[in-house]
Undergrad: 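Before anything else, here's the structure in question.
Positions are given from 1 along the sequence.
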Amino acid sequence: LPPPAMRERPPGCKTVFVGGLPENASEEIISEVFGQCGEIIAIRKSKKNFCHIRFSDEFMIDKALFLSGYRIRIGSSTDKKDTGRLHVDFAEARDDLYEWECKQRMMAREERHRRRVEEERFRLPSPPPIVHYSEHESAVLSEKLKDDAKFSEAVQILYTWLERGEVNRRSANTFYSMIQSANSHIRRLMNEKVLHQKEMEEAKEKFKNALSRILIQFEQIVSVFHSSSKQKAWDHFSKAQRKNLHMWRKQAEEIRNMHNDELMSIRREEEMEMSDDEVEGMPENKITDESALAAQAETLKQENDSLRWQLDAYRNEVDLLKHEQGKFYHTEEETTKDQQLRLLQQTLQGMQQQLLNLREECKKKEIEFEKAKEEKQKAEMLLETLKMKEDSVCRQDTEESDNQITNNTGCVIPGSSQGKDGELDRVITGPVRSEREALLVGIISTFLHVHPFGASIDYICSYLQRLDAKISPSEIEGLMSRLQHVFQQEITGVGASLEKRWKFGGFDGIKAL
């Protein structure tokens, strides 16, 4: 016979239905048979040869179901009332359903509690309550505002007090001092920002230097690949080796170009920042110094040459890429080379624009240089005219002094003026021995009268040698030493800077005489 149909297992089922019992079966016999499956809580027996058995746990029902289909006989009797065939199946009981629902509700409560504990653990802590304003709390808050570690907490408390309306006439000064302390924190923040900016600039500089070193090494590697691809070395490699060498060279060039673009972008940003700084800090008065303009023009020329060299290098790379593009017809290679060509064209356009800007700057600097030269020439011409005027004034002074000296000394000069060189060498009685020395005395007196602080013998001789190159320092010094009332010698300076200076003392000497 086919096995009897089984119903679905109810949730939390602990009760089984047992049918096919003998009519004479008692509860003791049933408990003896099904007690092997587990602890029995209750047996409800019916008069129609079936019963319901409730176990203590759910897993015991599975053992009881294995007894379904077995024949049962009471004792050794063969009577029909003492035999039967067992049929065990699930049974629906309200007690089982109630216990299962209670258990489910308890598990749901535990799950909610567990989730709440997890949420509480990951939830941010609530801010501490803000204290109310008092004089003691305001003093504590003032100290906290001066501390960098507690500044944010103290500012929040100050903001809450202001929002609450704690300010009045009595506490206005206290609040003003606290707001002033908060304002002074701005300077500390700006200093901190400057320090961070310095660290960022140093990091940028380190990164740029490292990138330039890496780029140099990439250039060396690419040059190795280019040298290996020449005919004299390329023919000795096998087909697989050539394929690998070509792939490696392509990868190295792509990485090199990527690093080069990155370095160029960094330099472009720095140039833009420098140009912005120059525009902001441009002085109102232009520098017209000749050496500064020449140095700027020289640096601009060097930058122009370096940019031209870089432009030539980029053009050579473009030619190489075009040459390689004509050899290989793979679609992927063509797309990558097109991208590289576009990038190189963009960089070339940028370099050309920079060259044009530099040329314009060079032209401007040359125009300023020419203007500075013209101003210098004008200044030299003005200086020459001033020197000529000074010489004419000095000559007039010397003539007047000669006339005075000849009248004061009372010397008689012979009237014959036919000699050429002997006219100024006539012998005169007194300290001045000739007319030439009298002229020198007048010129020196006029020169020293213009220089009230005195002049050295070399300075005086350099002035007189413009008039007569034959004049020597010893002659001038001997002449001045003979006229002690007219010329006075003084020593100025200290230590190694000692210097002899001659001064004109004729006005004091005439009083002494």
Side-chain angles (χ1 to χ4, degrees), residues 101-212 258-259 261-285 350:
E101 289 177 353
C102 291
K103 187 176 181 181
Q104 292 296 320
R105 285 194 293 269
M106 184 180 66
M107 291 174 64
R109 284 195 300 270
E110 291 178 355
E111 181 67 21
R112 286 196 300 270
H113 178 70
R114 186 183 62 80
R115 288 180 181 177
R116 192 180 299 111
V117 170
E118 290 290 332
E119 290 175 359
E120 290 292 335
R121 190 177 65 179
F122 291 106
R123 184 181 299 168
L124 295 174
S126 58
I130 304 298
V131 297
H132 292 281
Y133 173 77
S134 64
E135 293 182 358
H136 173 71
E137 293 295 337
S138 63
V140 174
L141 186 63
S142 300
E143 295 297 327
K144 287 184 179 179
L145 286 170
K146 297 176 183 178
D147 191 0
D148 293 341
K150 301 177 181 179
F151 179 77
S152 53
E153 179 185 356
V155 165
Q156 187 64 31
I157 296 172
L158 179 60
Y159 169 75
T160 306
W161 286 353
L162 291 170
E163 289 293 326
R164 287 177 180 174
E166 300 286 350
V167 185
N168 51 31
R169 290 186 178 180
R170 186 178 180 182
S171 61
N173 294 329
T174 305
F175 273 96
Y176 178 77
S177 63
M178 289 189 289
I179 294 170
Q180 188 177 7
S181 299
N183 184 36
S184 64
H185 191 72
I186 295 173
R187 191 181 299 108
R188 295 196 294 269
L189 293 176
M190 294 302 294
N191 294 331
E192 187 176 357
K193 179 186 175 184
V194 170
L195 292 175
H196 289 306
Q197 285 180 350
K198 288 182 180 179
E199 292 177 358
M200 185 177 70
E201 293 295 332
E202 291 176 358
K204 281 185 179 179
E205 190 67 24
K206 289 181 181 178
F207 175 71
K208 189 175 71 174
N209 295 332
L211 193 62
S212 61
M258 182 177 66
H259 283 76
D261 293 338
E262 189 174 358
L263 185 60
M264 290 298 293
S265 65
I266 293 170
R267 289 179 178 174
R268 199 177 298 113
E269 289 176 358
E270 290 180 353
E271 289 176 358
M272 290 175 66
E273 291 177 358
M274 290 174 65
S275 63
D276 294 337
D277 295 337
E278 289 176 359
V279 169
E280 291 177 358
M282 186 179 291
E284 295 179 358
N285 298 324

Undergrad: I'd like to check the side-chain contact (heavy atoms from CB on, under 4.5 Å) partners of D147; sequence neighbours left out, ordered by chain and number.
TA: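 For D147, the residues satisfying side-chain contact (heavy atoms from CB on, under 4.5 Å) (neighbours in sequence not counted) are A149, K150.
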Undergrad: Which residue pairs satisfy the salt bridge (charged side-chain N to carboxylate O under 4.0 Å, His left out) criterion with at least one member in residues 164-186, sequence neighbours excluded?
TA: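 For residues 164-186: E135-R170.
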Undergrad: Return yes when atom CE of M200 has more than 12 non-hydrogen atoms of other residues, nucleotides or ligands closer than 6.0 Å, and no otherwise.
TA: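 Check passes, neighbour count above 12.
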Undergrad: Find the distance between CD (Q156) and OG (S152) and round it off to the nearest 0.5 Å.
TA: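 Nearest 0.5 Å value for the CD-OG distance: 9.0 Å.
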Undergrad: For E163, enumerate each residue passing the salt bridge (charged side-chain N to carboxylate O under 4.0 Å, His left out) test, keeping only those at least two apart in sequence or located in another chain.
TA: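 If we apply the salt bridge (charged side-chain N to carboxylate O under 4.0 Å, His left out) test to E163, skipping adjacent residues, there are no hits.
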Undergrad: Nearest 0.5 Å, please: how far is CD1 in I157 from CG in L162?
TA: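 Interatomic distance, L162 CG to I157 CD1, rounded to 0.5 Å: 12.0 Å.
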Undergrad: ring-ring contact (aromatic ring centres under 6.0 Å, His included) with Y133: which residues, sequence neighbours excluded?
TA: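 W161, F175.
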Undergrad: Suppose we screen for side-chain contact (heavy atoms from CB on, under 4.5 Å). Which residues come up paired with R115, at least two apart in sequence or across chains?
TA: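 For R115 the side-chain contact (heavy atoms from CB on, under 4.5 Å) partners, ignoring immediate neighbours, are E111.
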Undergrad: Is a side-chain N or O of S171 found less than 3.5 angstrom from the main chain of V167, in a donor-acceptor match?
TA: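 Answer holds: no.
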Undergrad: Using the side chain to side chain donor-acceptor pair (under 3.5 Å) rule, collect all pairs that involve residues 192-212, keeping only residues at least two apart or in two chains.
TA: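 Those involving residues 192-212 are K208-E270.
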Undergrad: Measuring from M107:CE to C102:SG, what's the distance to the nearest 0.5 Å?
TA: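 One finds 13.5 Å between CE of M107 and SG of C102.
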Undergrad: Suppose we screen for side-chain hydrogen bond (donor to acceptor under 3.5 Å, both in side chains). Which residues come up paired with E118, at least two apart in sequence or across chains?
TA: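 side-chain hydrogen bond (donor to acceptor under 3.5 Å, both in side chains) check on E118 returns R121.
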Undergrad: Could you give the side-chain donor-acceptor pairs of residues 180-189 under 3.5 Å, partners two or more places apart or in another chain?
TA:
from	atom 1	to	atom 2	distance (Å)
S181	OG	S177	O	3.0
S184	OG	S181	O	2.6
H185	ND1	R188	NE	3.1
H185	ND1	R188	NH2	2.6
R188	NE	D148	OD1	3.0

Undergrad: Tell me, please, which residues at least two apart from S134 pass side-chain contact (heavy atoms from CB on, under 4.5 Å).
TA: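 S134 satisfies side-chain contact (heavy atoms from CB on, under 4.5 Å) with H136, E137 only.
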Undergrad: Report yes if some heavy atom in the side chain of L211 is under 4.5 Å from a heavy atom in the side chain of I266; otherwise report no.
TA: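 Touching, per the 4.5 Å side-chain cut-off.
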Undergrad: With sequence neighbours left out, what residues match R105 under salt bridge (charged side-chain N to carboxylate O under 4.0 Å, His left out)?
TA: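 Once residues adjacent in sequence are excluded, R105 has no partner under the salt bridge (charged side-chain N to carboxylate O under 4.0 Å, His left out) criterion.
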Undergrad: Between R116 and E119, is the closest basic N to carboxylate O distance under 4.0 Å?
TA: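 Looking at E119 and R116, the cut-off is not met.
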